[in-house]
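A quick write-up on the structure given underneath.
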There are 2 protein chains.
Amino acid sequence: MTTTTPGSAVTPTPASSVETDPRPAVSDSETELAARLRLAVLRLSRRLRQQVAGGVTATQVSALATIERLGSPTLGELAASEQVRPPSMTKIVVGLEEAGLVNRQVDAEDRRVARVMLNAEGRRVVQRSRSLRTAYLARRLRRLSAPERQSLGELVRLLEVLVEEP
Amino acid sequence: MTTTTPGSAVTPTPASSVETDPRPAVSDSETELAARLRLAVLRLSRRLRQQVAGGVTATQVSALATIERLGSPTLGELAASEQVRPPSMTKIVVGLEEAGLVNRQVDAEDRRVARVMLNAEGRRVVQRSRSLRTAYLARRLRRLSAPERQSLGELVRLLEVLVEEP
DNA sequence: TGGCATTAGTTAGTGAATCTAATTAGAATG
DNA sequence: CATTCTAATTAGATTCACTAACTAATGCCA
């Protein structure tokens, strides 16, 4: 797989539990924060998954948004970006195709490659998922204090850094 | 269910997609941040779930950590805290019991209630999950810049606020 | 006190999500 | 041209989580 497409990454590899790490130790409070962060992320993701609108699951919306963002990604690129394995993404895309939200096309230069693109309905679904009424997180964010909102951009950036491949 | 236990909450209810909300509109940049937050959380949770150590899944570790944190919670409290429905938590706890990590006890004052508590092995598993070698997030957090680390506590708190029941 | 409503947890059944192993087809290389 | 590598798919299995229905226990009120 070539890595010339913007935003593309290699397929996520299983993490090793036995790696040797020479870096300085993390303090206890940092370990505590890591533990709390882990709990919060897992819990929040459950909440997000519970929001199903118009028959479109959180997993599907996420994939649609990523397709929009990456612009006709290959199936492998999409899988890597979403942090799932290619067979998993094949299934997700098949479901989106059956729902009439995306189209798949063989790449003109490499016939092994399937490119995924939003069709008009898929675009609508993504837009709608971001509307005030349907966007669960947008609604919750309105309950934050002004200082908390200030921190929001930084929080999002930090989480995105954590998601990136090591 | 009484709500006198610290950290307890009612069972999460399905979100309504048709609620009327009179609050001021969120700006576009905030909507954008919400969308990015959503993607980051879902992706990061996938990464966390991919970390399986010693045969203990991310879901089990999360439940163990919450049991430790809440201190012999009722099954309902545990489910609410973890953002899953009671039947789901019954299954998780059954698995943990079979793995020899927790014990269940009928509450002395209300025989409907099952309290869950860590046994010695469960305590060990939670501690181990927080060690430098095994804590995926702790390892990743060490790659943050110093200013990012400064903000960490606040950002974790912000995420926890988002998880809380509306 | 008895009947009814409410509550806590469990069982049964189903579907979503994701992984690994294997396979197929296409591209690259010597 | 043969071999190796790569992208996606298929098949099978596991994990995770929901809903509906049920059982047992508790609380409340006439």
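So that the names make sense, note that chain A is the first sequence line, chain B the second, and so on, each numbered from 1.
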* Less than 4.5 Å apart, any side-chain heavy atom of E121(B) and any of R124(B)? -> yes

* For dA17(D), does either OP1 or OP2 sit under 4.0 Å from a side-chain N or O belonging to R43(A)? -> no

* In whole angstroms, how far is the P atom of dC18(D) from the CD atom of E82(B)? -> 12 Å

* Asked: Just how far, in rounded Å, is P of dC19(C) from CD of Q51(B)?
  -> 11 Å

* Nearest of dA8(D), dA25(D), dG9(C) to any side-chain atom of T74(B)? -> dG9(C)

* Check: R85(A) side chain, dT18(C) base, donor-acceptor under 3.5 Å -> no

* To do: Ignoring backbone atoms, establish whether Q50(B) has a side-chain N or O less than 4.0 Å from OP1 or OP2 of dT18(C).
  => no

* To do: Measure the distance from CG on L48(B) to C1' on dA17(C) and round it to the nearest whole Å.
  => 16 Å

* Whole angstrom is fine here: how far is it from CG in L78(B) over to P in dT10(C)? => 11 Å

* Asked: Can you tell if the side chain of R43(B) reaches within under 4.5 Å of the side chain of S81(A), non-hydrogen atoms only?
  -> yes

* To do: Looking only at side-chain atoms of L75(A), point me to the closest of dA25(D), dT18(C), dA8(D).
  => dA8(D)

* Atom pair CG (L159(A)) and CZ (R38(B)), whose distance is rounded to the nearest 0.5 Å -> 14.5 Å

* Asked: So do the side chains of L39(A) and E82(B) get within less than 4.5 Å of each other, counting heavy atoms only?
  -> yes

* **Closest listed nucleotide, where the reference is the side chain of T90(A) and the choices are dT10(D), dA25(D), dT18(C)** => dT10(D)

* Ignoring backbone atoms, establish whether T59(B) has a side-chain N or O less than 4.0 Å from OP1 or OP2 of dT15(D). => no

* Asked: Do K91(B) and dG13(C) share a donor-acceptor pair, side chain to base, under 3.5 Å?
  -> yes

* **Whole-Å distance separating the CG atom of L96(B) from the P atom of dT15(D)** => 13 Å

* I92(A) CD1 to dA16(C) C1': how many Å, rounded? -> 10 Å

* To do: For M89(B) and dC16(D), give me the distance from atom CE to atom P, rounded to whole Å.
  => 11 Å

* Is the shortest heavy-atom distance from the side chain of L158(A) to the side chain of L152(B) under 4.5 Å? -> yes

* Would you kindly give the CZ-to-P distance between R111(A) and dT9(D), to the nearest whole Å? => 13 Å

* Respond yes when some side-chain nitrogen or oxygen of R47(B) is under 4.0 Å from OP1 or OP2 of dT18(C), and no when none is. => no

* Structure fact -> Looking only at dT15(D), dA8(D), dA17(D), the nucleotide nearest the A114(A) side chain is dA8(D)

* Structure fact -> Comparing nearest nucleotides in DNA chain D, the 5'-proximal residue of the pair R46(A), P87(A) is P87(A)

* Asked: Nearest nucleotide by nearest heavy atom, which residue falls closer to the 5' end of DNA chain D, S88(A) or R112(B)?
  -> S88(A)

* For salt bridge (charged side-chain N to carboxylate O under 4.0 Å, His left out), just list the numbers for R157(B) and E164(B), CA-CA rounded to whole Å, side-chain angles, deciding distance to a tenth of an Å, and then say yes or no. => CA-CA 11 Å; R157(B) 215 172 307 114; E164(B) 289 302 311; over 6 Å; no

* Asked: If you pin A108(A) and R49(A) to their nearest nucleotides in DNA chain C, which one's is more 5'?
  -> R49(A)

